[in-house]
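To start, the structure itself, in structure tokens.
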Amino acid sequence: MAYVTLAKQKDKLDGSVRKAEMDFLAKLQENDAAPGLHIEPIQNAQDGRVRTGRVNDMWRAVLFKLPLRNDTHYIYWGIWPHDKAIEKAKNSVLRVNPVFGFMEVIEKTAPPAPESTPQPAPEKPTPDRGWVNGLQTHLWTQERLETEAGIHASFAQKALAAATEPAFFKVIDKAPDVQGLILLDLAKGRCLVEIREELGLEDYVDDPDAPEEEKIIEGSKREPAKIQFAFVGDSPTELREVLESNDFEAWRTFLHPEQRNYATKSWNGPFRLSGGAGTGKTVVILHRAKELMRRNPSARIVLTTFTRTLAAALNTNLQKLDPALPTVGNLGQPGILPAGIDSLAHQIVFSSTDGERAQAANDVLGFPHASLRNRPDARDPNSQWKQSLASVDHELDPELANPTFLEQEYVAVVLANQVSSKDEYLKVPRVGRGTALSRPKRIAVWNIVDAYRRMNQLDEIVTYPEIVALAVAILRNRAANGGVRPADHVLVDEAQDFHAVHWLLLRELADPGANDLFIAEDSHQRIYGQKVPLSRFGIAVVGRSRRLTLNYRTTAQNLDYAVGLLSGVKYEDIEGEEEKSGDYRSVRTGPAPVQDGSSSSVEELDHVASRLSDWNEQGIRGDTIGVLTRTKGQLQKLQAGLAERGIEVRDVDRPGDGTAPLVMTMHRAKGMEFSRVILFAVNEGLLPLGYEVSNLPESEARDALLRERSLLYVAATRARDELVVSWSGKPSSLLLRA
């Protein structure tokens, strides 16, 4: 048996090559002397430990062989076509970083062959007028980069000499992962002390008497090395799980030290992790669930998020992370329960006794509900509020006599405070509501609320927010009578979209204490509901709040574009503090986003069809392409228009074979990612959507516009490699202008 450590390979491989690679490594683990592997040294290699192995007739593997006492340990560097693999093997050196002691591979450039005739000097790149080399700005020198930051001389020299952004990112891409991250952060102006803390970089003192192989193995155990290398030992099962993870799921194995810290550390109370799109908050949540289960196999862990779709994705990725993790379907069972927040509330209410439900209905609604149906009403609440408005003589201004305002008032004030009478409503504080209400206006609002409740009672309707409020009341009543709360740990993803009553439920699920609530959120991605402060619900995260800023999904170009959509607007997090986006960064690079305006919708559809055809001819797999729209009406228009042009697409919620690009609304795309994204019909009037932001009080209108901007940001950050923003006629006022 041979031990194997895998490196994260940047070059993409198709399925057949990946299978051949897996077979090669499985044989290597079993018997590295098997004749078919052809594990051979390379002549004139810069590292005598380098080996190549035969994967098939076209592909060869590059490895480093470390003989250690009774074992053989291979550092698997990657797989490439034959000639490229030989070149990689000749010029790659496995070493311990001399400043920080972690294992890394340095690819040294081979010296050019002598020319018989003089060659002209290569042209220097034209400096990018809009880009400044931050390393120079912040007075970094080659000597300081080498001795203080652990950057290899060749990368330090090239990074300092870069005159354009593409040239700088080319250096980062060629450098070992950790060195690339350090260079990027230093160029952004971050201090080295902060970078060291994030990456887990520790001082290192070389022991000249220790064998080089043992120093390398020890270096592979340091936190920074785990960004690029994963030890799979001699386990074929673990090897297969790692290799089957594609580029979109590389987080399963290669965690950033900062992510690992948040996933494994204990917190003396609720903890909040914020961060922009693609920074790995969901990754941390899933690894934390695994860690809590490891600590206590009998733990009751709730893993929840805002929508059923996102909950299903959490469950799928949890199984990919570790198929052995125990998942359960009911609250209170030992194991991990992945479920949407409304689903949890539904389970609490309809697993309770008739007496518990009647008492909760009396507490929340002011009267025992005649019939709590097993299925909450899913109709648009606007129609019910409109009926209630029509049945009451209220004399409210149109901004207040508005279904959106009334629904938000009902959830954030009435249900959140279990208000069941007019007198209670007149006294209750309206914390977080931006629009003041005089006593006469409060009375008028209450009369509409009362009519809404009575109408729903007659129709035997219970809404989703009411189900959540009933669940809160049931859990509170049980706790007051000595009952046990149903969870030990609650992990919350996409928390920015939760409304006030959701937070009350989350607080009731687990007893306050160590590691009770772990909350991941990004206020820039709030596309539902209103912002509510956690402290209002007895959830204090002061001193237990951290932020992720390194984007793993999106190229730097796409990230800059998406963040630009947020510029000039103030965002606040769920603690009321200003949420900034200027320090988000990515180590990936790619083409600049394309803004494609058309004179008509017909021309726009022509452009989209042409681009999808081009990507298909390039061999881009269909289900890695997403085409996103703001409304379902535009989605239907898109599907019909592309069908007329002979382009097959597939609704994301329908099964397929992976060949057709996926189409969906921007809301539905939340939590997803694609190699290429087209945002379709980003027109004025559609984004922001007119009826979503009109006829509201000023503060509510401002918040609605913020959600529309966030929706565009969410949509733009679904793209990994290429982003196209398309419109016809007048473009959205939310778009960036060239």
Side-chain angles (χ1 to χ4, degrees), residues 1-43 45 47-86 88-90 92-94 103-105 211-221 225-226 228-247 249-250 252-255 290 319-325:
M1 280 287 191
Y3 290 93
V4 176
T5 290
L6 296 179
K8 179 170 60 178
Q9 188 165 346
K10 296 179 181 179
D11 294 349
K12 298 178 181 178
L13 303 173
D14 64 31
S16 61
V17 177
R18 179 68 76 185
K19 183 181 184 304
E21 178 188 39
M22 190 183 304
D23 292 342
F24 169 83
L25 285 168
K27 293 175 183 176
L28 179 72
Q29 278 185 323
E30 184 177 355
N31 178 14
D32 64 320
L37 296 179
H38 296 284
I39 305 297
E40 301 168 349
I42 293 291
Q43 291 185 349
D47 189 329
R49 293 163 299 207
V50 78
R51 301 288 187 272
T52 63
R54 182 185 181 278
V55 177
N56 59 28
D57 290 341
M58 296 290 295
W59 295 79
R60 291 192 73 82
V62 179
L63 317 92
F64 297 90
K65 184 177 181 179
L66 303 177
L68 296 170
R69 297 181 183 145
N70 299 324
D71 302 315
T72 298
H73 193 138
Y74 286 96
I75 309 298
Y76 177 71
W77 183 225
I79 173 176
W80 291 275
H82 182 279
D83 291 348
K84 186 174 181 180
I86 299 301
K88 286 264 185 183
K90 284 184 177 180
S92 297
V93 175
L94 181 69
M103 182 180 74
E104 62 184 358
V105 174
E212 187 68 16
E213 286 75 11
E214 290 189 5
K215 288 193 284 187
I216 288 174
I217 293 299
E218 286 303 309
S220 72
K221 299 175 184 177
K226 296 174 185 177
Q228 192 169 9
F229 297 94
F231 176 69
V232 295
D234 58 358
S235 166
T237 301
E238 187 171 356
L239 172 66
R240 181 172 295 274
E241 289 173 4
V242 172
L243 287 176
E244 285 179 346
S245 66
N246 60 32
D247 292 331
E249 298 164 354
R252 289 204 281 145
T253 304
F254 305 101
L255 274 182
K290 180 179 179 179
Q319 295 303 311
K320 289 178 180 177
L321 173 64
D322 187 348
L325 285 173

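- Screening Asp47, Val105, Ile42 for a side-chain contact (heavy atoms from CB on, under 4.5 Å) involving Ser92 leaves a single residue, Val105.
- A distance of 9.5 Å separates CG in Leu28 from OG1 in Thr72, rounded to the nearest 0.5 Å.
- In this structure, Phe231 CZ and Lys226 NZ are separated by 11.5 Å, a value rounded to the nearest 0.5 Å.
- Listed by chain and residue number, Glu218 satisfy the side chain to side chain donor-acceptor pair (under 3.5 Å) test with Lys221 (two or more places apart in sequence, or in another chain).
- In terms of heavy-atom proximity, Ala225 sits nearest to Ser220 at CB-O, 3.7 Å.
- What you find for Ala45 and Ala89 is that their closest heavy atoms are CB-O, 4.1 Å.
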| query | Can Glu40 and Arg60 be said to form a side chain to side chain contact (heavy atoms under 4.5 Å, CB included), step by step? | reply | CA-CA 11 Å; Glu40 301 168 349; Arg60 291 192 73 82; 3.8 Å; yes
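- Closest non-hydrogen pair, Leu63 versus Tyr74, comes out as CD2-CD2, 3.9 Å.
- Of the inter-residue distances, the one linking Asp322 atom CG with Gln319 atom CD reads 8.5 Å to the nearest 0.5 angstrom.
- The two residues Phe229 and Ala7 make their nearest non-hydrogen contact at CE2-CB, 3.6 Å.
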| request: Given side chain to side chain contact (heavy atoms under 4.5 Å, CB included), test Leu37 with Asn31 step by step and report yes or no. | output: CA-CA 9 Å; Leu37 296 179; Asn31 178 14; over 6 Å; no
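- Relative orientation of the Tyr76 and Phe24 rings is tilted, given thresholds of 30° and 60° on the angle between their planes.
- Between the CD1 atom of Ile86 and the OG1 atom of Thr52 there is a distance of 4.5 Å, given to the nearest 0.5 Å.
- The pair Asp23-Lys27 does not meet the salt-bridge criterion, since no charged nitrogen lies less than 4.0 angstrom from a carboxylate oxygen.
- Among residues two or more places apart in sequence or in another chain, the salt bridge (charged side-chain N to carboxylate O under 4.0 Å, His left out) test is passed with Arg51 by none.
- Residues Asn56 and Ala20 come closest through the heavy atom pair ND2-CB, 4.0 Å.
- Remark: Asp32 pairs with no residue by the salt bridge (charged side-chain N to carboxylate O under 4.0 Å, His left out) rule, at least two apart or across chains.
- Annotation for Trp77 and Phe64: closest pair CB-CE1, 4.1 Å, computed over non-hydrogen atoms.
- Here the CZ-CG distance, from Arg49 to Leu94, works out to 5.5 Å after rounding to the nearest 0.5 Å.
- Residues that satisfy the salt bridge (charged side-chain N to carboxylate O under 4.0 Å, His left out) test with Lys215, not counting sequence neighbours, are Asp206, Glu212.
- Take Glu214 and apply the side chain to side chain donor-acceptor pair (under 3.5 Å) test, not counting sequence neighbours, and it matches Arg69.
- For the atom pair CD1 of Ile216 and OG1 of Thr5, the computed distance is 11.0 Å after rounding to the nearest 0.5 Å.
- Judged as a salt bridge (charged side-chain N to carboxylate O under 4.0 Å, His left out), and not counting sequence neighbours, Asp83 has no contacts.
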